[in-house]
Each structure stands twice: as structure tokens, then as C-alpha cells.
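Every chain is numbered from 1, with letters handed out A, B, ... down the list of sequences. Note: hydrogens, waters and symmetry copies are ignored here, and every other heavy atom, side chains too, is used.
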Number of protein chains: 4
Amino acid sequence: MHRDRFYTLSASCPDQVGIIARVSGFIAEHGGWILESSFHADDLTGRYFMRIEIKADSLPFLLAEFRDRFRREIAEPLAMDWRINDSAVKKRVVVLVSKQEHCLYDLLARWQSKELDIEIPCVISNHDTFKGFVEWHGIPFIHVPVNADNKAAAYAEIQRIFEDVRGDTMVLARYMQILSPELCDALNGRIINIHHSFLPSFVGAKPYHQAYQRGVKLIGATCHYVTSELDAGPIIEQDVIRIDHSDSPEDMVRYGKDIEKTVLARGLRYHLEDRVLVHGNKTVVFR
Amino acid sequence: MHRDRFYTLSASCPDQVGIIARVSGFIAEHGGWILESSFHADDLTGRYFMRIEIKADSLPFLLAEFRDRFRREIAEPLAMDWRINDSAVKKRVVVLVSKQEHCLYDLLARWQSKELDIEIPCVISNHDTFKGFVEWHGIPFIHVPVNADNKAAAYAEIQRIFEDVRGDTMVLARYMQILSPELCDALNGRIINIHHSFLPSFVGAKPYHQAYQRGVKLIGATCHYVTSELDAGPIIEQDVIRIDHSDSPEDMVRYGKDIEKTVLARGLRYHLEDRVLVHGNKTVVFR
Amino acid sequence: MHRDRFYTLSASCPDQVGIIARVSGFIAEHGGWILESSFHADDLTGRYFMRIEIKADSLPFLLAEFRDRFRREIAEPLAMDWRINDSAVKKRVVVLVSKQEHCLYDLLARWQSKELDIEIPCVISNHDTFKGFVEWHGIPFIHVPVNADNKAAAYAEIQRIFEDVRGDTMVLARYMQILSPELCDALNGRIINIHHSFLPSFVGAKPYHQAYQRGVKLIGATCHYVTSELDAGPIIEQDVIRIDHSDSPEDMVRYGKDIEKTVLARGLRYHLEDRVLVHGNKTVVFR
Amino acid sequence: MHRDRFYTLSASCPDQVGIIARVSGFIAEHGGWILESSFHADDLTGRYFMRIEIKADSLPFLLAEFRDRFRREIAEPLAMDWRINDSAVKKRVVVLVSKQEHCLYDLLARWQSKELDIEIPCVISNHDTFKGFVEWHGIPFIHVPVNADNKAAAYAEIQRIFEDVRGDTMVLARYMQILSPELCDALNGRIINIHHSFLPSFVGAKPYHQAYQRGVKLIGATCHYVTSELDAGPIIEQDVIRIDHSDSPEDMVRYGKDIEKTVLARGLRYHLEDRVLVHGNKTVVFR
């Protein structure tokens with residue numbers, strides 16, 4: 001199950017003839033061994049997307065030089081948005097929770113087994129419910145109360161903590177507070193939320209109760225990037241589960257949890273493996 | 001695969017102690033053999049729902065007397081909404097189509113193989129595209145053009161035809177016109193539509209294009225009763241299929257067709273087998 | 001979300017006219033309020049199955065008298081297999097694990113949140129990997145090593161512990177040992193396993209590797225009762241997830257975990273709520 | 001919905017550094033516009049797979065020269081198995097049926113609407129049930145009876161017809177006969193079957209009855225290439241649907257049909273679009 005160290009190149013640029021040839025030619029010229037590669041041309045917008053995994057030790061230079069050469073020879077001429085990440089550098093994921101345990105237990109189980117090979121520098125919560133559980137895992141737990149009067153200060157504090165611990169990604173694991181627009185903007189594309197409905201249906205509070213009222217026959221969950229517009233950010237992953245007339249809103253909450261944690265885990269994994277490229281309010285996900 | 005003739009009792013009433021006992025006691029008293037039975041208590045509204053299949057020849061009287069006795073001894077004392085249908089009497093289903101063939105072919109294949117054991121007294125269309133195909137099956141095809149100027153007359157004509165052929169159920173098999181409120185009201189609970197989205201998302205026109213714009217990761221279809229409010233009637237059945245960033249709106253249209261015909265066929269079957277009980281804007285479906 | 005105390009009657013008997021009438025008549029006669037009821041006639045074998053929830057305080061007698069009267073007046077005359085359980089008495093579930101954490105974390109999260117409203121008198125393992133984690137939750141952890149030489153003694157010990165702690169149900173939460181036939185027989189219908197394939201495909205060891213070799217496009221998991229024949233007991237619940245050619249056996253293992261824990265949790269819940277009636281090598285599950 | 005004419009290159013070869021660079025470099029050098037591209041490295045076998053769509057009019061030469069140059073400059077040096085197809089040349093699909101209509105209606109609906117943009121030079125059947133229906137569509141219907149005594153001759157006749165009409169692909173649309181090994185070998189990789197179970201479970205006859213006996217909770221269908229070993233060829237596509245204890249084998253047959261036709265249509269489309277590359281007894285499917 002061990003995989004060799006590799007670099008992941010994720011990029012997008014205006015479409016034109018020869019993009020794959022130039023990128024793969026650059027890699028081949030240096031002996032780079034491509035482990036996995038995905039390409040997508042968006043016909044409607046004329047934008048081109050790619051993700052390439054390259055075995056690290058097949059290249060004759062280190063990451064810094066790789067990045068430098070790639071920028072000069074490929075990325076700048078093609079006007080790319082791009083990033084290259086190193087599988088040897090673990091992503092640092094800050095988890096925010098409130099009082100519901102299902103996503104937290106699920107993420108920590110995946111972290112504990114190294115299925116998610118990440119660092120969790122801390123868990124932040126507006127309650128202290130999970131302090132003992134988190135600390136038992138050797139992870140710092142930080143209680144940042146949020147109330148009607150201190151929101152601005154609380155989100156500034158959360159942002160400060162995230163920066164202090166050098167967080168890469170913030171996960172709202174059923175964090176029942178609406179982040180400030182300032183925080184959403186500051187960490188744009190780096191905050192992942194799990195919403196407990198099949199968006200765009202049932203935005204906002206109590207989506208299972210909304211679903212119950214409407215009488216839908218399936219309920220869902222949506223993993224998306226957080227933007228300052230509530231539940232409207234780019235969607236990374238969704239799934240649904242069947243219900244019927246005999247299910248109360250409470251039953252739906254219970255069923256929904258199973259979808260929420262799975263969808264969050266899949267969406268987070270796609271993000272951490274640089275499989276997600278944001279494009280306006282949509283995503284390309286190279287599964 | 002032959003099933004004996006049976007009666008299907010579908011009913012709802014205010015909940016109270018002893019409903020099952022009274023209904024099943026009445027049936028047992030006359031020697032009625034129950035093939036299948038389903039019950040549901042809606043806790044929030046205090047209403048009780050049931051569906052019971054009884055072997056016809058296990059009862060010592062004919063349908064008319066069964067209905068008469070049931071009304072007097074059970075339904076009236078319990079303030080029931082109820083109906084009893086006879087499996088030997090085929091439901092008469094009038095199909096409305098426009099220019100898309102997938103639901104029409106699918107319904108006729110099910111009718112031809114007797115999977116749907118119904119009469120189709122006619123197919124009505126605002127185009128004559130499928131005249132030959134329908135008539136080849138020995139089913140009358142009636143062309144009722146609809147345009148901006150003749151809507152009222154056209155829907156009156158459709159209603160007249162439905163009544164003339166003694167239709168039980170009208171199926172909009174991707175009929176791309178919005179029925180008049182008068183027709184919706186006149187045939188309330190008897191018109192079934194297939195909408196090509198996972199309602200309540202993407203009401204109205206071009207739902208796949210709406211889904212494409214929003215960047216959802218699953219698309220769906222919804223079978224529902226038609227009411228005068230567009231795409232807002234009681235939902236009978238829904239399903240979804242996974243898509244990804246590489247799927248254009250045209251791909252979604254293509255994938256969607258497979259969901260549409262399956263969801264329509266399931267919803268229609270539930271309706272025809274008296275498995276659906278409407279309750280406000282929701283349904284109880286005794287699958 | 002609070003539900004009143006209720007009794008659950010689960011029963012099966014040879015089919016005949018009037019079973020529902022007699023059972024529901026008995027309940028109604030004593031003023032019993034039926035919360036939920038399900039019935040099923042198995043046409044091929046002529047056996048009848050039922051499950052009824054009755055509000056405890058709607059009955060004029062206590063559980064012992066209810067059982068006693070039901071036995072004399074209904075169960076014995078109808079030659080029933082039956083049981084009546086009390087929602088106020090928590091089931092006692094003994095969990096067996098080896099070294100994989102996903103099902104254990106999942107079960108404890110559900111237990112901790114009272115989604116599974118059970119007692120876990122102890123967790124038993126052939127390894128001590130999860131001793132700290134389990135004990136942190138306040139649950140006794142018992143290490144029973146199993147090796148080629150001590151199997152008989154080890155399973156006898158496990159049975160003794162199960163009986164000592166008055167276990168109702170034993171859950172093999174990815175317990176990687178094959179129980180002795182003696183233990184399977186002694187606790188027949190009370191041991192639940194999660195097998196990591198869509199049975200009957202891929203019985204035995206390394207099912208994901210078998211699936212990889214065969215090139216299937218979906219992988220699954222199966223929750224079933226344990227019998228002395230390996231992976232051949234009555235199936236309670238199954239589900240699948242889509243994979244493709246790019247997924248290695250290790251990827252399948254990872255995807256599979258998400259199915260395993262969900263399927264186990266659903267199957268276990270059905271069992272604990274007395275929704276499962278075993279019938280030969282099959283189950284009736286009144287979902 | 002109109003797509004420009006394009007060529008589809010499908011190929012596999014031993015993995016080495018620089019394959020993408022060489023192939024895409026060759027295409028770019030001639031100004032070829034890549035519409036869609038997919039690559040896969042099989043780590044365990046060290047084989048490399050690809051599929052590339054190139055806009056036809058972006059290349060300065062015709063198909064014959066493209067093939068010729070590609071062979072000399074790329075395919076031979078890299079020891080490729082390869083093919084290049086032209087979207088302007090419709091594939092010719094011969095359909096074999098027996099007495100079940102669901103797959104036939106479904107395929108003809110897709111053909112009629114040009115969702116499947118193919119030629120159907122003829123439908124062959126061991127019964128004459130669908131003669132009128134097929135001929136109404138303007139498609140020749142050929143009745144080739146098969147019985148215990150004439151199997152060899154019948155299959156030789158079917159092969160002769162297939163060759164006469166210059167068939168590319170043969171589809172067994174619930175054709176209830178087992179082809180001769182000679183026919184399977186002669187058309188290896190070109191015959192597609194739909195089997196009505198989730199293989200490898202329930203090989204052979206009456207799989208729904210087998211599924212009923214085993215008490216599974218989901219049933220499925222499998223689209224696969226036909227080889228001389230029954231139901232054991234490379235799997236292209238599979239799917240499942242949920243059932244429960246109340247479903248008889250006949251209900252399963254009915255539910256199964258919906259899966260069969262959808263899975264067959266998807267698998268056939270993948271094959272026709274050159275998305276399927278066979279690899280031993282497995283497939284790479286570039287969806």
C-alpha cells in the first residue's frame with residue numbers, strides 16, 4: 001500500500017492546440033514518470049484543465065527548481081493558474097465542530113488509520129463537548145465561543161489560529177455557525193463545508209425539516225467550498241439516500257448523517273489530493 | 001406469474017385505537033384472505049393510512065356488496081376517505097406526448113409485455129411525430145395542436161377526449177406544454193407528470209441547463225401529480241444519476257432520459273396499483 | 001425526538017384467514033395503541049410474518065401479563081414463533097474487533113450520540129490495539145488472543161464473557177477470525193457479521209482482491225447472521241459502491257470501508273429494533 | 001448538440017517514460033486539436049492505456065494518412081495495440097433477440113432518436129415475435145430458428161449474416177441462447193451481452209430465482225463481452241437495484257428489466273465510442 005513520493009501538478013489555462021504536448025513534453029524531457037494524468041476541455045468557456053502526478057525521484061531536480069522551470073517554460077507562456085504539491089508534505093487540516101459527533105468521529109478514524117494522511121494541528125469548537133475526545137487523540141482542542149455579540153472577534157480569532165498553526169484547509173464538520181464574509185474571503189477556496197441537503201434544494205437551516213415538508217423521496221448532502229453567500233459555493237461532491245413516508249424528520253436526520261460523513265470525506269479527499277479545480281462557481285473534480 | 005383476482009382497499013382516516021382491528025375484523029368475518037397489507041400512522045397530523053389486497057373469491061359477495069357493506073360498517077363510522085378497486089378491471093391510461101420518444105417507447109414496451117396491465121384508449125399529442133408508431137400498436141392517436149391562441153380550446157378538447165374514452169389516469173410522458181388550471185383541477189389526483197429534475201430544485205424550463213449552471217454532481221427526475229402550481233404537486237417517486245464536470249447539458253439530457261422513464265414507470269405503477277395515497281401536498285406510497 | 005415507551009411484537013406463523021384480525025383484535029380489546037405495524041405473507045412457503053409496535057401505557061397491564069395473555073390467547077392457537085420486547089430495556093451488544101478501526105469508531109459514535117440506544121458491556125479483541133480508545137469511552141476492553149493452538153479455548157472464553165455480561169447480540173465489527181461452529185450454534189441468530197463483499201460473490205479472504213481480479217464495476221458489503229457455514233448465513237442488509245479500472249485493490253479497501261460501516265450500522269439497527277425475522281436462510285426485514 | 005467530426009484513437013502499450021509526450025507531440029506537430037483525452041497506467045501489469053478524440057478538420061491529412069503516419073511514427077516504436085475510428089462512419093450493430101421486448105424497444109428508441117447514432121443492418125431472432133415491430137422501423141428482420149439439432153448450422157448462419165451485412169458489433173439483447181464457441185472466438189471482443197445478474201454471482205440460467213433463493217437485498221445486471229466461457233467475459237458495466245423480502249422472483253424479473261436495458265445501453269455506448277479497452281479478462285472504460 002506504500003506509494004512512492006510524487007508531485008501533483010494541477011493547472012488550468014485558456015484552451016489552444018498543443019497544451020498536453022507542451023506540458024507532457026516538458027516532463028518527458030526531464031525523464032519525469034507520469035503516474036496518473038487527467039485532462040478536461042470546457043467547451044463552453046474555452047478553458048483547459050489538467051492534473052498530473054509525477055514520480056518525484058524520476059526528475060533530476062528538486063521541487064523548487066521544478067516549480068521554477070515549470071513557471072518559466074510552461075505556466076507563464078500558457079497563462080496558467082497552477083500549483084505543484086509534494087506528497088511528502090502533509091496538508092494541515094483545521095477542523096471546526098459544534099455538538100454533533102458523526103463527522104468528527106469519522107474524520108478522526110480516517111486520520112488515525114492514515115486513510116487521510118494529514119496533520120490536524122487543532123480542532124476548534126464553539127462548544128467544549130468534544131474536548132476530551134479530541135485531546136485523547138493527542139490533538140489540541142481550542143474552544144472559541146461564538147455568540148450574538150462577539151462574532152467578529154470570534155471569527156478573527158479563528159482566522160488567527162488557522163494562520164498560527166499554518167493551516168492549509170479548514171473543514172466545517174457540521175459547524176453550526178455561519179462564518180463571517182471576511183473569513184470566507186480571506187480563506188477563499190480553502191474552507192470546506194458539509195451541508196445537509198442536496199443543494200440547491202433546502203438552503204439554510206433545518207433542511208431535513210424542509211425536505212419533510214416538501215415530501216421528497218430522497219435526501220442528500222453536499223460538500224462545497226464556503227463563500228460569503230450561504231450554501232452557494234462551488235460544489236465538490238454530493239450524494240443521496242432513499243427515504244419514504246414513514247420517515248420522520250428525526251429519521252431523516254439520522255439517515256442524513258451517514259451521507260454527510262461519507263460525502264464530506266470524499267470531497268475533502270478530492271481537495272487534499274489536488275483533484276479539485278475551481279472554475280467560476282463550479283468545480284472540475286478529477287476523480 | 002398469474003395472480004388471482006383481488007380487490008385493493010386504499011383508505012385514510014383520523015387515527016384512533018382499533019382501526020386495524022375493525023378493518024381486518026370486518027374482512028376476516030367474511031372469510032376474506034388478505035394477500036398484502038400496509039399501514040401507516042402519520043404522527044404529526046394524526047391521520048391513519050392503509051392499503052389491503054384481498055383475494056376476490058375468498059369473499060362471499062360481489063364487489064358492489066363489498067363496497068356497500070364496507071361503507072356502512074367501516075368507512076362511515078371511521079370517517080374514511082376510501083376506494084376499493086378490482087384487479088380484473090383494467091385501468092384506462094391516456095398518454096400525452098410531444099416530440100421526445102423515450103417515455104413513449106418505454107410505456108408501450110411495458111404495455112405490450114403486459115408488465116403494465118392497462119388499457120391505453122388513445123395517445124394524444126400536440127405534434128404528429130408518433131402517429132405511425134402509436135397506430136402500429138393498434139392504439140388510436142389523436143393530434144391536438146396547441147399554440148398561443150388556442151390553449152383554452154385545446155385543453156377543453158383534451159379533457160373531452162379523456163372523458164369520452166373514460167380515462168382513469170392521464171400521463172404526461174414528456175408532454176412539453178403546461179396544462180390549464182381548469183384541466184388540472186378537473187382531473188386532480190389523476191394526472192401524472194415526469195419532471196426532468198430532482199424537485200424542488202430546478203423548477204420549470206430547461207432544468208438540465210439549470211443543473212449544469214449550478215454545477216451539481218447528480219441529476220434527477222421526479223414523478224408527481226399535476227396541480228395548477230407548476231412542478232409543485234405531490235411527489236410520487238424520484239431518482240438520481242451521477243454526472244461530472246465532463247458532462248455537457250446535452251449529456252445530462254441523455255443521462256436524464258434513463259432516469260425519467262424509470263421514475264415515470266415506477267410512479268405510474270404505484271398509482272395504478274393504488275399504492276399512493278395523497279395527503280395534503282405529500283404522498284404515502286405503500287411500495 | 002423523544003418517543004414514548006413501546007413494546008415490539010415480532011412473530012411468524014403458518015398463514016391462514018384472519019391472523020391480522022385476531023392479533024389486532026386482541027390488542028384493540030385492551031385499548032392498545034398501535035404505533036407501527038407491518039405484515040408479510042410469503043406465498044411460496046405459506047408463512048406469515050408481522051411486527052407491531054404498541055404504546056406501553058395504552059395497555060392496562062404490564063409486560064409480563066401482556067406476554068402471558070398473548071401466549072395463551074394468540075400465539076399458541078396460531079402456532080407462532082414470537083417475541084415481545086420493551087423499548088425501555090436496552091439491548092446489550094458485545095462488539096468484537098481486530099485491528100481495523102472504521103467499524104469500531106462508527107459504532108461508538110452512534111452509541112455516544114444515542115443514535116444506537118444500547119449498552120455495550122464490553123469490547124473483545126484478539127489484539128490490544130484499541131484498548132485505550134475503548135476504555136476512554138468508559139467501556140471495558142477484553143483482550144482474548146486467538147492463535148492456531150488455542151482456538152477452542154478462546155471461543156469458549158468469548159462465549160463465557162458474552163454470557164457473563166448478559167449479552168443480547170454479538171457484533172463482528174471486522175473481526176478477522178472465523179468463529180467456531182460451537183459458538184455459531186450456541187448464539188444462532190444473535191451474531192451479526194459485516195462481510196466486505198456483495199455476497200454471494202467473493203466469499204472468504206481478501207474479497208476486494210478477488211473483485212479486482214474479476215474486474216467488477218461495483219463493490220459491496222453484506223451484513224448477515226453468522227452460521228457455521230462461512231459467509232453463508234441469512235443476509236440482513238447489503239449495499240454497493242461504484243469503482244472503475246483506475247482503482248487498485250487498496251483503493252477498493254478504502255471505498256469498501258465506507259460501505260461496510262454503513263451497512264453494518266443499518267443491519268444492526270434493524271436487528272436491535274426487532275425488524276428482522278429469520279426464515280430458513282433468508283430474512284424478512286420490516287424496514 | 002451537433003459535434004464536429006472527430007477521430008478517436010484508442011491504444012495500449014507497455015508503460016515507459018514519455019508516452020503521452022510522444023503521442024500528444026505527434027498530434028500537436030500536425031496541428032491536431034484534442035477534444036477529449038484519457039490515460040491510465042496499470043501499475044500491476046505495467047501496461048499503459050489511452051483514448052484521445054481529435055477534431056478531424058484540425059489535421060492536415062485524411063484518415064488513411066493519419067493512420068499510416070501514426071503507425072510508423074508512434075504505434076510501431078511503442079509496440080501499441082491501437083485503432084483510430086472516424087465519427088463520420090457509423091458503426092453497424094446487429095441485434096439478436098428472443099421473446100423479451102424490453103431491451104429491443106429500448107435500443108430502437110435510442111436508435112430512432114439518434115441518441116445511438118448507429119446503423120442497425122438487421123435484427124436476428126430465434127423467434128418471429130418481433131418481426132412486425134422491427135420491420136415497421138424499416139430494419140430487416142431475420143428469423144434463424146435454433147434448436148437442439150441445428151445449433152452448429154444456426155450459429156454459422158448468424159456469423160454469415162453478420163459478415164454479409166458488414167457488422168461491427170453484435171448485441172445479445174436478452175438473446176436466450178448460448179452461442180457456439182466458434183462464433184464467440186470468431187467475433188472475440190465484438191459481441192456484447194446483457195446478463196441479468198450482478199456477476200460473478202448467479203451465472204447461468206434463472207439468476208433472479210437464484211437471487212431469490214439466496215435472499216440478497218439488491219439485484220443487478222452485467223454488460224460484458226461474450227467469450228466461450230459462459231458469463232465469464234470481460235465486464236463493461238454493471239448496476240444494481242434494491243429489493244426486499246416482499247419481492248417475488250417475478251417482481252425481481254420486472255425490476256431487473258429496468259437495470260438490464262440501462263446497463264446494456266451504457267455498456268454498448270462505451271463500446272461504440274471506443275471507450276472500452278480490453279485487458280486480459282478485464283476492461284479499462286474511459287467514461
(Q) Please classify the contact between C:I27 and chain B as side chain, backbone, both or neither, with a heavy-atom cut-off of under 4.5 Å. (A) neither

Q: Counting only heavy atoms closer than 4.5 Å, note whether B:D15 contacts chain C via side chain, backbone, both or neither.
A: both

**Q.** Partner chain C: residue of B:V23, B:I34, B:I20 with the largest heavy-atom pair count (under 4.5 Å)
**A.** B:I20

Q. So which part of B:Y48 gets closer than 4.5 Å to some heavy atom of chain C, the side chain, the backbone, both or neither?
A. side chain

Q. What residue in B:A28, B:G18, B:S24, B:S37 has the most heavy-atom pairs under 4.5 Å with chain C?
A. B:S24

Q.
Taking NZ in C:K206 as the centre, count heavy atoms belonging to other residues, nucleotides or ligands within less than 6.0 Å. Is the count above 12?
A. no

Q. Picking from C:H40, C:K55, C:Q16, C:E29, which has the most non-hydrogen pairs under 4.5 angstrom with chain B?
A. C:Q16

Q: Would you name the heavy atoms of B:V17 and C:G32 that are closest together and state the gap between them?
A: CG1-O, 3.7 Å

